[in-house]
Amino acid sequence: MDPQAYIVMSAILFSIALLGVMIRRNVLIVFMCIELMLNASNLALVTFSRMHGSLDGQIAAFFVMVVAAAEVVVGLAIIVTIYRTRRSASVDDANLLKF
Amino acid sequence: MFPWLTILGLLPLIGGLAMIFVRGTAAKQVGLAFSLVTLVLAIIVAFTYNTGTKGFQLAEQATWIKAIGAHYALGLDGIGLTLVLLTAFLTPVVLIASWNDPDLPKPGEPVSPDGTAVTHRWGAHAFVGLILATEGFALFAFTATDVFLFYLFFEVILFPMYFLIGGFGGARRAYAAGKFLLFGLFGGFVMLAAVIGLGIVSAQHGAPSYLLTDLTQLHLSTNVERWLFVGFMIAFAIKAPMVPFHTWLPDSVEQSTPGGAVMLAGVMDKLGTFAMIRFCLQLFPDASKWATPVVMVLAIISIIYGALMAIGSKDLHRLIGWTSVSHFGFIVLGIFAFTTQSASGATFYMLNHGLSTAALFLAAGFMIKRRGSRDISDFGGVVKATPLLAGLLLFGALSALALPGMSSFISEFMVLAGTFSRHPIYAVVATIGIVLAALYALIMYQRTATGVPTAAVTEKFTVDLSGKERLALIPVALVILVLGFFPKPILSIINPTVSDTLTQHVGLTDPQPHASEGGR
Amino acid sequence: MIVPLVTGASFAFWMLMPVMILGALGTILARKPVHSALSLAAVMVSLAVQYAAQQAPFLFAVQIIVYTGAILMLFLFVMMIVGVDTSESLVETIKGQRVLAILAALGFFILLIFAVGNALVGRPTGLAQANNANGGNVQGLAALIFGRYVVAFEATSALLITAALGAMVLAHRERTRKKKTQAELVTERLRKYAETGAHPGALPPPGVYARHNAVDTPALLANGEIAEVSVSSTLRQRGSVQNPADLIAPTKQTVQAIAPDRAENPATAVASYVPHPATPARGIQPELEPGESEEEN
Amino acid sequence: MTPLEVTQATGLFSLSWLLIAIPGVIAALLLVAGKVSNPWGHILATLAPIASFVLALLLFLQLLGRGVGDRSVNLKLYDWIAVGNWHIEAGLQIDQLSIIFALLITSVGSLIHIYSIGYMAHDPNRRRFFAYLNLFIAAMLLLVLANNYFALFVGWEGVGLASYLLIGFWQDRPTAATAAKKAFVVNRVGDLGMSVGIAFMLYLFGSVQFSDVNAGAANMTFTQATILGLLLLLGACGKSAQVPLQSWLLDAMEGPTPVSALIHAATMVTAGVYLIVRSHAIFAQTETAALVVSIIGTVTLLAGAWIGCSKDDIKKVLAGSTMSQIGYMMLAAGIGPAGYAFAIFHLVNHGFFKANMFLGAGSVMHATDDDVNMRHYGALRKALPITFVTFGMGYLAIIGFPFLSGYFSKDHIVEAAFDRSWILGVLALIGAGVTAFYMTRLMIMTWFGRDRYADGVHPHESPLIMTVPLILLAIGSVFAGLLLNDWIGGWLDPAVGGQSGHSGIFDFSLIGGITLPVVAIGVVIAILIFGRGRQIPVEQPASRSPFTLAGRNDLYGDAINEAVFMRPGIGLVEGVTKTDTGGVDGAILGVSGIIAGVGARLRRWQSGFVRSYALTMIAGAFLVGIVVVLGRLA
């Protein structure tokens, strides 16, 4: 199987997730899009790993997963906290940090 | 080899850090102890200095960042040693003179320099710590023999000074501190570009190195040399400060405490003129010669402009600040006249300017503290109430106007006469400055000290100089007098380095007497 | 060696590619977060298959266990707290954001294709050798993790602990007031009753019926109304509360069935289930229309 | 002209630095010791010039014992500035010229110190006064004893400082403070000439040593010599209150009277003459500069006399007279070799009689509650007999009464002036007549006629401590001329390159014959106007005479200064201040304003919407990526 196809697939997923981050307001969906980006890059890493015949790519993907897990835990906790105080799950509502 | 210079620079910095742990009077005592030990060390270093040897002494060198050729390199030459001594001497003086300054404002107490109800932002320990930090950075800058290292300290010294102005100043201190920092940083960034450029040129000629000794061996093309010179010179002219980059100085010293103003005008500003000799002349001799007419005209403008502004000043601190602009004009004039006498005189002038500014600022500060106002028109007849204080103010004023017998005269004379031997016209125009100096110094003294004491003065000037105030001022006055009549110890330190710089790097020898046979 | 026309890997890829793209689009286009999450789950499982197809069995398992199993479930839990009433309108509020976002994403996609896609030239080396070196993929990874990457691995443990602690700290609500005693609670409740007439007792439990006994089933009051407060407000807002009419329908049928007996035996007649004219304002009016009951079955 | 032989100091001469050090150290001691030294400070301070005088006298005797070519003794103390090819040393030169000055300064100085003990007895700051006086003596001695122009300049400014401090001694008087500042600033203008002149010497000769300058002077071009001469003359004008820098001297009378006597009559103001005479080698090269010196001297001579005629303030009359007499000296100094000795001769004589008269005026003021207006005097000869007699001696000396000191020296100068140019001679002669006129006027208004002093003023003779110096100075005024006339020319000529055709006591020349009648006419006119039977109004009568008005207004010197320097100066300061706040600082503030404005616009970009940030970030990443990729491709 041609690795190019996987890379293109990874790029497609990444770009879709990117678009999601930019157009969606629901903080959970934005967050899921971020996870999707991580997954897309994982796919690329695994592909590279196979391409170059080295397991380091898979290790990288593994670490990405670990980090993603940690990130999700903290991120969701933050979301919950914000929701508690602001009663909103829209990222547009959390816009105090501006000029 | 024993790292004398590192220890010399580190001592005050350690002292500054120690301020984290002590407060109040203990902080002042600890700070004073550190500054005195530094002074003793500086004197020891001065005694180990050998005036006969060329090049840097007590040198230390270690590679710091290999990729760009930066070194941790310290060394001492005559010019650096002079300024090291000045710095080490002024710091304890400032600490003693400002003993009660940082304590004064308890919340709501209207005791700030301009009489408004401004309180200091932090306590005495912060003040002492910042003064010591300024001292330490200045010492490192004066001893750095690596351009990159020098640049580091040239910039970082802005920060303790910024907090000294912004934390302990008058009502408009925030504005003044901001202006100070922005000017300094602007100059710093221009210099950074030149420093990077210099590094690139150095890398093109082999392994990159910022060591002064390596950089002086570079053969720069005319254009490159001029551009780099301009980059460095702008930074130094801002720090010095020369017209038209001067406007931060009057504002900054106006808003500073007297101690802060001494560290600012007496120590930190010397970095600019010091660097002109050390870096502009040594690294870019041809460009320096190329720029001489412009620099000298600017220097003369500074002399006269600063003096005129001082005459027109209504604020004591501001007036002294303007006199500094005028004096820095003399220093730059001397440096760029490229005669041994003028450049030695300029270096000596740096020392003397530090001393006379200190005397003036401190004496004026003692008056301001008593009166609670910096406004000249608020004084009058001080001499009747506190003769010693007024006498020392007069002493400072006379030192500022370079009265013969004061050390400042020696240097001013050397600058003027040395300049005359190469550029008579410039020297004659600059001499007008001495008449204007008499005007601003004596008008200031007349308006504040003489006449019938005003009601406010009689009421507030009840005690003459206290013991600590005397302890701070009298040594300064003594040094000014002794050097005025016997400048040899300092001149013999300065002269070999300066003539070395001029002959080795700039490649100019002093003009011979014009009516032959007359000379010895 | 002759390459077979269609391998298992390419079959899996081409089969799952539309699923993944649709899933990804579903993730970003669904109105409700739950649907997004489910779409994402589909993508992740499909990705796991791709890992398997690319000689990464360990990651295949981990992908399913960690991502689909743990992370997505966490999302769903949080969604229960947060996402109930967050079905957002898809109308864009920031001017020009959508167009620019699409342009940027497209540009980025092209850039990725050009930049990364060109990095792969030639045939893949394959992992057979690397996997077999230590007797398998998992063993190979283990050798790397506990060998070359042991420091990073240890660091991740610190990261995970920190994250766990951080989550606890964030989720923990600091008590700003003294905890109320039971006596105080009662006093307060009764004062409220005196002032506003709020019911001081426990709320009624959901209804329990022969055919409905879930939490979304409101209880019926004695007069045939439903007790609104017996159902969680979350469910109410979501609109998944049982229609009261349906609940009443069996009773109605029963009543109709025994109507003849009632006529003969007026003494045993029950009170009318028609709501009392003085219905409390907060009650939900059951709509009792004859035609409705027929439609239910 | 052969350069002088300079011998190194040995023996007593190697102690000559003590001349300066004794008063200097005592001045410092009194200033530092503070109130502790109040009871004995003035005694100690008075001993200092006396000690210096004794030492100077011993040195003088030693010099007398030496051969003519051996009388210039050089004492190098240490290197002051040794940089590059400069070797400026702190060194002293004891020669015929400097020792005469040293003697004059220490002797007159000692007498004035003694006098001041009495005069300042009631001043709370007497100790400070004496400290300043000692400072002055030290600086003045440094000025005249220095062996190079640099050290001379240090003394030059030192006496300027002492003068500043002493004019403004009563610092609570605003007029005194202003006068002090004015004196210093006007002197600074002169110093400008001195500084540039010394720089010019270094430029020309690489040295400021008198011996080197004298030796090298012959190598100067005419232009160089003229410029150098004029620069030195500018310095001399400042210190000696010569036109156009004369305006400070009259105001300087704000100081205590002993100060006026010592500094502003006998010694400091004559430093300009000393400078010119000391620089004889330079002026020998330039007729032009020397002529300018003479012209300046003549102009000042007449201007001072004019002012002296119209003032009612006794000290200001004397100050005008001082200007005038120094004008004579400058005139003589400008004449060249023929005049140097006469200039110094007149300087010494003037030192005695003018100090005498100033101290006498001080005694009068002491007697009349510090009134200085002569219109409030009159008939004081009965009340102050000793002062009257001593003052009279000074009067006779200054107008040139035969065989008193002024007679010899002034005659010589007038004579030499005629030799130089008849115009200068006639003007000098007129000056002599006018001098006689205004001095007679002063005498009559003060000592004769009806008493006009205010009620409650009871004139009384001063105490012994004040009258003894008066008597000694009067003796000096009377006999100095007789004693020195034959001797001084021969003594000084080797040191100043002079060729004074000196004459004996009874050597009457034609000019000498004319001078006496002119003086007599001046005296007679004064007696006719102010003499017996004439009423002198207590208030100054209004006058329309432009001559009188000009004289009363110091010949409009202040008005000219104000119009030419002060007003434009103030305008300049204001202009520069405006330029700085509006232009330079304004430009910088403007730039910062623009930056702030742009920033205010730009920060709207920071909308707070995370999604906008994400968009910006991605677009940025995209752009960076494009640049990188295109960079690769290119």
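So that the names make sense, note that chain A is the first sequence line, chain B the second, and so on, each numbered from 1. All values derive from a computational prediction rather than experimental measurement.
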Tell me, do [X] and [Y] make a side-chain contact under 4.5 Å, heavy atoms counted?
X      : Y      : answer
A/L55  : C/N137 : yes
A/N42  : C/Y67  : yes
C/L160 : A/V66  : yes

Would you call the rings of C/F108 and A/F14 parallel, tilted or perpendicular, where under 30° means parallel and over 60° means perpendicular? parallel
Name the atoms and distances for all side-chain donor-acceptor pairs under 3.5 Å in residues 49-62 of chain C, with sequence neighbours left out.
| unit_1 | atom_1 | unit_2 | atom_2 | d |
| --- | --- | --- | --- | --- |
| C/Q54 | OE1 | A/R50 | NE | 3.0 |
| C/Q54 | NE2 | A/T47 | OG1 | 3.3 |
| C/Q55 | OE1 | C/L127 | N | 3.4 |

For [X] versus [Y], what's the shortest heavy-atom pair and its separation?
X      : Y      : answer
C/F109 : A/S15  : CB-OG, 3.1 Å
A/R24  : C/T27  : NH1-O, 4.3 Å
C/L144 : A/D56  : CD1-N, 4.0 Å
A/V73  : C/A163 : CG1-O, 3.8 Å
A/M22  : C/Q97  : O-NE2, 2.9 Å

Only pairs of heavy atoms separated by less than 4.5 Å count here; which of [options] has the most with chain C?
options                    : value
A/S10, A/G75, A/A61, A/S49 : A/S49
A/E71, A/R84, A/E35        : A/R84
A/L76, A/I79, A/D92        : A/L76
A/V74, A/V46, A/L36        : A/V46
A/L18, A/T81, A/L19        : A/L19

Compute the centroid of each ring, for C/F75 and then for A/F31, and state whether the two points are separated by less than 6.0 Å. yes
Would you mind checking which part of [X] comes under 4.5 Å of any heavy atom in chain C, side chain (CB onward), backbone (N, CA, C, O), both or neither?
X     : value
A/I12 : both
A/V67 : both
A/M32 : both

Among the options [options], pick out the one with the most heavy-atom pairs lying under 4.5 Å from chain A.
options                        : value
C/A133, C/A164, C/A152, C/G166 : C/A152
C/V66, C/L159, C/L106          : C/L159
C/T156, C/L141, C/L100         : C/L141
C/G107, C/A130, C/G126         : C/G126

Given that the side chain runs from C-beta out, which part of [X] has a heavy atom under 4.5 Å from chain A: side chain, backbone, both or neither?
X      : value
C/I21  : both
C/M168 : neither
C/A37  : both
C/L111 : neither
C/L47  : side chain

Can a side-chain donor-acceptor contact be found between A/N39 and C/Q63 if the only test is distance below 3.5 angstrom? yes
I would like to know whether C/L170 and A/V80 meet side chain to side chain contact (heavy atoms under 4.5 Å, CB included); could you show each step before the answer? CA-CA 8 Å; C/L170 282 171; A/V80 169; over 6 Å; no
Is the number of heavy atoms from other residues, nucleotides or ligands within 6.0 Å of CE (C/M73) greater than 12? yes
In terms of heavy-atom contacts, does CD of C/Q139 have more than 12 from other residues, nucleotides or ligands at under 6.0 Å? yes
For the atom pair CD1 (A/I16) and CG (C/L29), what is the distance rounded to the nearest 0.5 Å? 9.0 Å
CE of A/M9 to CE of C/M17, rounded to nearest 0.5 Å, is 6.5 Å
What pairs meet the salt bridge (charged side-chain N to carboxylate O under 4.0 Å, His left out) rule with one or both residues in residues 59-72 of chain C, with sequence neighbours excluded? none
Would C/Y149 and A/F62 count as a side chain to side chain contact (heavy atoms under 4.5 Å, CB included) here? Give the steps. CA-CA 11 Å; C/Y149 296 108; A/F62 170 70; over 6 Å; no
Keeping the roles fixed (side chain from C/S36, backbone from A/I29), state whether a donor-acceptor pair exists under 3.5 Å. no
